[in-house]
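Numbers here simply count residues along the sequence, with the first being 1. First listed ligand is number 1; within each ligand, the first listed atom is number 1.
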Amino acid sequence: MRVDVVTIFGEYLQPLSLSLIGRAREEGLLDLRVRDLREHTHDRHRTVDDTPYGGGAGMLMRPEPWGEALDAVLADPPGDARPEGPVLLVPSPAGEVFRQATAVELAAEPWLVFACGRYEGIDARVVEHYASRGVRVREVSLGDYVLNGGEVAVLVIVEAVARLLPGVVGNAASVEEESHAAAHSGLLEHPAYTKPATWRGLDVPAVLTSGHHGLVARWRRDEALRRTARRRPDIVAALDAARCDAADLRV
Ligand SMILES: N#Cc1c(-c2ccc3ccn(Cc4ccncc4)c3c2)n[nH]c1N
């Protein structure tokens, strides 16, 4: 997978050189390229922002540098790019919420491009322009809280997507068994334990040392349901609704 990131704070993305994602880059599973938006400014102060039309607090990012930067990225496609080009991801507090299902979708793409805004965001015509040119543009949000820019979202999204690529996470089965994984029917993960069997007076649940795989599976499922019901009633409600829909289809 090729990933291009346009940003004014490239050093924010240095964590993507570490650990599993760093190794994936070294092994050629992930080709991550960070590009400096300021290279597409032409004034002495390398200005990327200006005041918002209509007034309001803060500054917005000017469209011209973004147009030049994104045109340059799109003019340099990877060999396996789809005919329809990349998915252009624009982190934004007003975006669709990024979920595991989004990560699964994006992991099937050969090329992702991120436009990392700062200040109060990017002039809206940038998204409008590239969408009108047929680029698949998605404004995405990490959730209902406010960050200072898009770089943190890129760290999260690149890690969530890259770890789904074959060969990135050593034990592919563990990826399948995690919280929110489809194989787990979207439930939260059950509690997990390792040695010692007793730690500070706390014992590992006896069923897990029983050697009875059926009972272990049942206990894990029950614990996942219990934890999900307690912490994420929204997931339980969505699963119930989906089950009702499926039942309606069977009538
Ligand atoms: N993804 C994501 C986000 C962001 C986010 C993303 C990109 C930018 C660019 C600039 N800002 C700052 C800003 C802009 C407008 N309103 C308030 C703050 C950003 C925030 N905030 N919260 C999330 N979940």
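Considering only non-hydrogen protein atoms, atom 22 (N) of ligand 1 sits nearest to Tyr145 O, 2.6 Å. For atom 18 (C) of ligand 1, the closest non-hydrogen atom of the protein is Val146 CG1, 3.4 Å. At the shortest separation from atom 5 (C) of ligand 1 among protein heavy atoms lies Pro93 CD, 3.4 Å. Protein heavy atom at the shortest distance from atom 21 (N) of ligand 1 is Leu147 N, 3.0 Å. Nearest protein heavy-atom contact of atom 7 (C) of ligand 1 is Pro91 O, 3.3 Å. Scanning the protein heavy atoms around atom 13 (C) of ligand 1, the nearest turns out to be Tyr119 O, 3.7 Å.
Atoms of ligand 1 found under 4.0 Å from any heavy atom of Ala153 (numbered from 1 in listed order, with element): 1 (N). Per-residue contacts place Gly150 under 4.0 angstrom from the following atoms of ligand 1 (heavy atoms of the residue considered): 7 (C), 8 (C). Ligand-side atoms of ligand 1 in range of Asn148: 10 (C), 11 (N), 12 (C), range being under 4.0 angstrom from any heavy atom.
Within the 4.0 Å heavy-atom criterion, neither part of Ile122 lies near ligand 1. When heavy-atom distances to ligand 1 are checked against a 4.0 Å cut-off, Phe98 has no atom that comes that close, whether in backbone or side chain. Contacts of Ser92 with ligand 1, taken as heavy-atom pairs under 4.0 Å, involve the backbone alone. By the criterion of a heavy-atom distance under 4.0 Å, the backbone of Val140, and not its side chain, is placed next to ligand 1.
Using a cut-off of 4.0 Å between Lys/Arg side-chain N and Asp/Glu carboxylate O, Asp36 and Arg38 are scored as not salt-bridged.
Paired with Leu89 under the rule side-chain contact (heavy atoms from CB on, under 4.5 Å), one option of Val137, Val113, Leu106 passes, and it is Leu106.
For Arg138, the salt bridge (Lys or Arg N to Asp or Glu O under 4.0 Å) partners two or more places apart in sequence, or in a different chain, are Glu96, Glu105.
Where the criterion is an N or O separation shorter than 3.5 Å, residue side chain and backbone included, Gly143 meets it with respect to ligand 1. Considering backbone and side-chain atoms together, Ser141 places an N or O closer than 3.5 Å to an N or O of ligand 1. For the pair Gly117 and ligand 1, the shortest N or O to N or O distance does not fall below 3.5 Å.
A donor-acceptor pair is defined here as one N or O able to donate and one able to accept, closer than 3.5 Å; no such pair exists between the side chain of Thr41 and the backbone of Asp43. A donor-acceptor pair is defined here as one N or O able to donate and one able to accept, closer than 3.5 Å; no such pair exists between the side chain of Arg62 and the backbone of Asp50. Arg227 contributes a side-chain N or O that, together with a main-chain N or O of Glu189, makes up a donor-acceptor pair within less than 3.5 Å. In terms of modelled atom types and a separation under 3.5 Å, the side chain of Thr7 and the main chain of Phe9 share a donor-acceptor contact. Side chain of Thr47 to main chain of Asp49: no donor-acceptor pair is present (N/O by atom type, distance under 3.5 Å, no hydrogens or angles).
Two residues are said to be in side-chain contact when any heavy atoms from C-beta on lie closer than 4.5 Å; Leu74 and Trp111 meet this criterion.
Look at Gly149 and you'll find a heavy atom under 4.0 Å from some atom of ligand 1.
In the hydrophobic clustering of this structure, Val97 does not group with Leu147; members are Ile, Leu, Val, Met, Phe, Trp, Tyr whose side-chain heavy atoms approach within less than 4.5 Å, directly or through other members.
For atom 15 (C) of ligand 1, the choice among Glu139, Glu120, Met61 with the nearest heavy atom turns out to be Glu120.
Nearest heavy-atom pair across Met61 and Leu37 is CE-CD2, 3.6 Å.
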